[in-house]
Amino acid sequence: MKLPAEYYQGEDVVAIAKDLLGKLLITSIDGQFTSGVIVETEAYNGRCDRACHAFGRRTPRTEVLYKAGGLSYVYLCYGIHSLFNIATNVEGKADAVLIRAIEPVEGVEVMLKRRKMDVLKPQLTAGPGSLSEALGITTRLTGTPLSGSTIWLEDNDKTYDSDEILIGTRVGVAYAKEDALLPWRFRVKDNKWISKAK
DNA sequence: GCAATGATTTACT
DNA sequence: GTAAATCATTGCC
């Protein structure tokens with residue numbers, strides 16, 4: 001059921017981002033097992049997308065994006081939030097998919113504890129910074145293969161029809177100018193676990 | 001070596 | 001609705 005490495009090495013990062021909806025994201029960190037269904041993603045293309053960290057430069061931080069797909073890329077934003085990405089495409093092509101929201105499945109108590117919450121609310125995992133914290137993902141997981149036993153994805157019988165998927169523009173990337181208008185944000189329609197629509 | 005800034009969240013006015 | 005928190009990475013000196 002675990003997704004093979006080849007799955008992440010496709011040419012079309014946008015298609016992968018869309019297909020990831022409904023897949024299971026699982027982490028086993030510090031002996032704590034947690035999982036959730038991916039309900040919101042964004043695609044980033046390293047070659048023609050100004051919003052991608054790897055656009056126009058290759059630095060130690062973005063090096064993992066240039067490697068073959070199937071690695072995790074965790075970026076610390078605003079000094080507070082860890083954003084979880086999946087590096088895709090083949091070596092030399094710096095594409096990535098940002099996971100923006102999941103629907104909790106297993107280990108809810110663990111997630112609540114990590115988030116210092118005592119009641120299950122949508123905001124537990126809605127938003128890239130929140131879901132990373134809930135799953136225990138931190139920057140030290142950057143470069144971790146998704147085929148390992150720390151963090152991985154599994155196929156799920158649950159797939160969404162195209163009429164159940166909302167496509168929109170990405171948020172928080174206004175500085176990328178015209179690239180911010182690309183319709184590379186995918187989310188599941190009428191799902192209460194996605195981050196609030198703008 | 002040092003200063004500027006961001007794939008955001010949260011709390012407060 | 002607006003503003004503050006907070007630090008690794010980056011780019012310039």
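Keep in mind that what you see is a predicted model, and the values were worked out from it rather than measured.
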Polar side chain donor-acceptor pair, [X] to [Y], under 3.5 angstrom:
X	Y	answer
A:Tyr73	A:His53	yes
A:Thr139	A:Thr142	no
A:Asn89	A:Tyr8	no

*For DNA chain C, which residues in residues 75-82 of chain A have a heavy atom at a distance below 4.0 Å?*
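Here the set is A:Leu76, A:Tyr78, A:Gly79, A:Ile80.
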_Any residue of residues 108-125 of chain A with a heavy atom less than 4.0 Å from an atom of DNA chain C_ =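 Nucleic-acid contacts, sorted: none.
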*Which string of ( ) [ ] | and . matches DNA chain C, if you list each base 5' to 3' and count Watson-Crick or G-U pairs only when both distances are under 3.5 Å?*
|||||.||||||.
Quickly work out the [X] [atom1] to [N] [atom2] distance and round it to whole Å.
X	N	atom1	atom2	result
A:Phe55	B:dA7	CZ	P	14 Å
A:Asn85	B:dG6	CG	C1'	14 Å
A:Leu83	C:dA8	CG	P	15 Å
A:Glu63	C:dA8	CD	C1'	17 Å
A:Leu98	B:dG6	CG	C1'	14 Å

*Using a cut-off of 4.0 Å on non-hydrogen atoms, how would the nucleic acid contact of A:Tyr73 be classed: base, sugar-phosphate, or nothing?*
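If one applies the 4.0 Å heavy-atom cut-off, A:Tyr73 turns out to touch a base.
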*Cationic tip of A:Arg47 within the cone over A:Phe55's six-membered ring, i.e. under 6.0 Å and within 45° of the normal?*
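That pair does not qualify as a cation-pi contact.
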Is any side-chain N of the basic residue among [X] and [Y] closer than 4.0 Å to the acidic one's carboxylate O?
X	Y	result
A:Arg170	A:Asp49	yes
A:Glu154	A:Lys23	no
A:Glu91	A:Lys67	no
A:Arg185	A:Glu40	yes

*Contact under 4.0 Å: A:His53 side-chain N or O vs B:dA7 OP1/OP2*: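 For B:dA7, OP1/OP2 do have a side-chain N/O of A:His53 under 4.0 Å.
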*Indicate yes or no: at least one non-hydrogen side-chain atom of A:Ile99 is less than 4.5 angstrom from one of A:Asn85.*
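Counting from C-beta outward, A:Ile99 and A:Asn85 never come under 4.5 Å.
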Has [X] got a side-chain atom pairing as donor or acceptor with [Y]'s backbone, closer than 3.5 angstrom?
X	Y	answer
A:Tyr66	A:Ala54	yes
A:Ser132	A:Ser82	yes
A:Arg115	A:Leu124	yes

_Chi angles and distances behind the side-chain contact (heavy atoms from CB on, under 4.5 Å) call for A:Ile102, A:Leu135_ = CA-CA 10 Å; A:Ile102 64 166; A:Leu135 292 176; 3.9 Å; yes
*What are the residues of residues 135-143 of chain A, sorted by number, that bring a heavy atom to within less than 4.0 Å of DNA chain B?*
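By residue number: none to list.
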*Contacts to DNA chain B from residues 42-52 of chain A, heavy-atom cutoff under 4.0 Å, which residues?*
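Contacts with DNA chain B under 4.0 Å: A:Tyr44, A:Ala51, A:Cys52.
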*For B:dA7, decide between syn and anti, treating a glycosidic angle within 90° of 0 as syn.*
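It is syn.
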*Going through the distances and angles, do A:Glu42 and A:Arg100 end up as a salt bridge (charged side-chain N to carboxylate O under 4.0 Å, His left out)?*
CA-CA 7 Å; A:Glu42 281 182 10; A:Arg100 293 191 57 85; 3.3 Å; yes
Produce the list of close N/O pairs, under 3.5 Å, pairing protein atoms with atoms of nucleotides 10-13 of chain C; give distances to one decimal.
residue: C:dT10; atom: OP1; partner: A:Thr59; partner atom: OG1; Å: 2.2

*Between A:Arg114 and A:Glu133, is a salt bridge (charged side-chain N to carboxylate O under 4.0 Å, His left out) present by the stated rule, with each step listed?*
CA-CA 7 Å; A:Arg114 282 176 177 145; A:Glu133 187 178 9; over 6 Å; no
